[in-house]
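All remarks here apply to the structure that follows.
Computed from a predicted model, the values in this text were never measured in an experiment. For the numbers below, each heavy atom of this structure counts, side chains included, while hydrogens, waters and symmetry mates do not.
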Amino acid sequence: MLITELKNKDVIQSQLNGKVFILVCHGCKEIHFPEQEADALIAELKDSGIVTGTLITDYICNVENLKLRLQKQAAIADADTVLVLSCGVGVQTVADLFPHKRVCAGCDTYALPGFQGVTPLQHNCKQCGECFLNLTGGICPLTACSKGLVNGQCGGAKNGMCEVDPNMECGWERIQKRLEKIGRLDALKCPVQVRNYATNDK
C-alpha cells in the first residue's frame, strides 16, 4: 500500500526542459493518487504550450502493456522531456524505455502499513518519500546500489560490478552513464540533502 503525492510545482517545473510529454499512471489510485492536483498541473502546462501530448493509463510498470499504448502516441517523439506522474517504479520503467530522453519524476511516494504486493517487475520503489530520480537520471540509488548510497559511488566496484554482489552492476556507474547519455552530468554537482526521515511517518 502506498501514497503518491505531487512534488512541489516549482520543483517539477525546474526539471522540465524543452517540449514535454506527460505520462500519468492510475494503477494504484485505489490507495491514493493526487488526481485533481495532477489534472490542474497538466492543464497549466498545456496552457504554457510546452506539452506535445499526454497519456493516462494503468500500471505503467507493466512494460509490454506500456509499449503497446505508446505505439499510438507519436507526440512522444517530439518531446525532449517525459514527465511521469507515478510511483518510483513507473518512473524507472519509463527511463529504461527512453534512455536518450530526460525523464522526470513528478511525484513522491510514501509507504503505508499493510500488504505491499508482490511484483515480478524489474524495478522496485523504496517508497522513501524523497524521490531522488530527478537527480539520478531515473535510476534509483536506493535500489540500484546494494548499499543504498545517495551521495555517489563507494569506490569498491570492479569492472563496473558491485563489490557486495558481483552479479549486480554498480548502480552509480549506471547513473553516471545514464546522465552522460542525456547530457545531465551537471546533476551530480547537486549535493543530496540529508534525508528527512520524518517523511516515513506520513
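- Between Lys147 and Glu163, at least one side-chain N (NZ, or NE/NH1/NH2) sits under 4.0 Å from a carboxylate O, which counts as a salt bridge.
- Within the 4.5 Å cutoff, the side chain of Ile60 has no heavy atoms near those of the Thr93 side chain.
- Hydrophobic cluster membership differs between Met161 and Ile139, with clusters built from Ile, Leu, Val, Met, Phe, Trp and Tyr side chains linked at under 4.5 angstrom.
- In the displayed structure, Asn159 atom CG is contacted under 6.0 Å by at most 12 heavy atoms of other residues, nucleotides or ligands.
- Proximity of a side-chain donor or acceptor of Arg102 to a complementary backbone N or O of Gln15 within less than 3.5 Å is detected.
- Within a 6.0 Å sphere centred on CD of Gln176, heavy atoms belonging to other residues, nucleotides or ligands number 12 at most.
- Closest approach of Phe33 to Val24, counting heavy atoms only: CZ-CG1, 3.6 Å.
- In this structure, Glu37 does not pair ionically with Lys9, as no charged nitrogen and carboxylate oxygen lie closer than 4.0 Å.
- Nearest heavy-atom pair, Leu133 versus Cys140, reported as atom, atom and distance to 0.1 Å: CD2-N, 3.4 Å.
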Checklist entry - Run the side-chain contact (heavy atoms from CB on, under 4.5 Å) check on Val20 and Thr52 step by step: do they pass? => result CA-CA 6 Å; Val20 179; Thr52 65; over 6 Å; no
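- Heavy atoms only, all atoms of each residue included: Cys87 and Thr109 are closest at CA-OG1, 3.3 Å.
- Annotation for Phe98 and Arg178: closest pair O-NH1, 3.1 Å, computed over non-hydrogen atoms.
- Nearest heavy atom pair, residue Cys131 against residue Ala105, reads SG-CB, 4.1 Å.
- Of the possible donor and acceptor atoms, none in the side chain of Glu44 sits under 3.5 Å from a partner among the backbone N and O of Ala40.
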Item to check | Derivation and outcome, side-chain contact (heavy atoms from CB on, under 4.5 Å), residues Leu70 and Leu97 | outcome: CA-CA 10 Å; Leu70 287 173; Leu97 287 180; 4.2 Å; yes
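- Across all their heavy atoms, Thr81 and Cys104 have their closest contact at CG2-SG, 3.6 Å.
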Next on the checklist: Thr4 vs Ser86, test: side-chain contact (heavy atoms from CB on, under 4.5 Å). Steps then yes/no.
Outcome noted: CA-CA 7 Å; Thr4 305; Ser86 80; 6.0 Å; no
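- Lys46 places no side-chain N or O within 3.5 Å of a backbone atom of Gly53 that could act as its donor or acceptor partner.
- Here the side chain of Lys19 pairs a donor or acceptor atom with the backbone of Gly49 at under 3.5 angstrom.
- Remark: Lys7 engages Asp108 in a salt bridge, criterion side-chain N to carboxylate O under 4.0 Å.
- One finds the CD1 atom of Ile175 at 10.0 Å from the CG atom of Leu135 (value rounded to the nearest 0.5 Å).
- Side chain of Trp172 to main chain of Leu149: a donor-acceptor pair is present (N/O by atom type, distance under 3.5 Å, no hydrogens or angles).
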Item to check | Worked verdict on Leu23 versus Leu66 for side-chain contact (heavy atoms from CB on, under 4.5 Å) | outcome: CA-CA 10 Å; Leu23 188 50; Leu66 180 60; 4.2 Å; yes
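- Between Ile56 and Leu85, every side-chain heavy-atom pair lies at or beyond the 4.5 Å cut-off.
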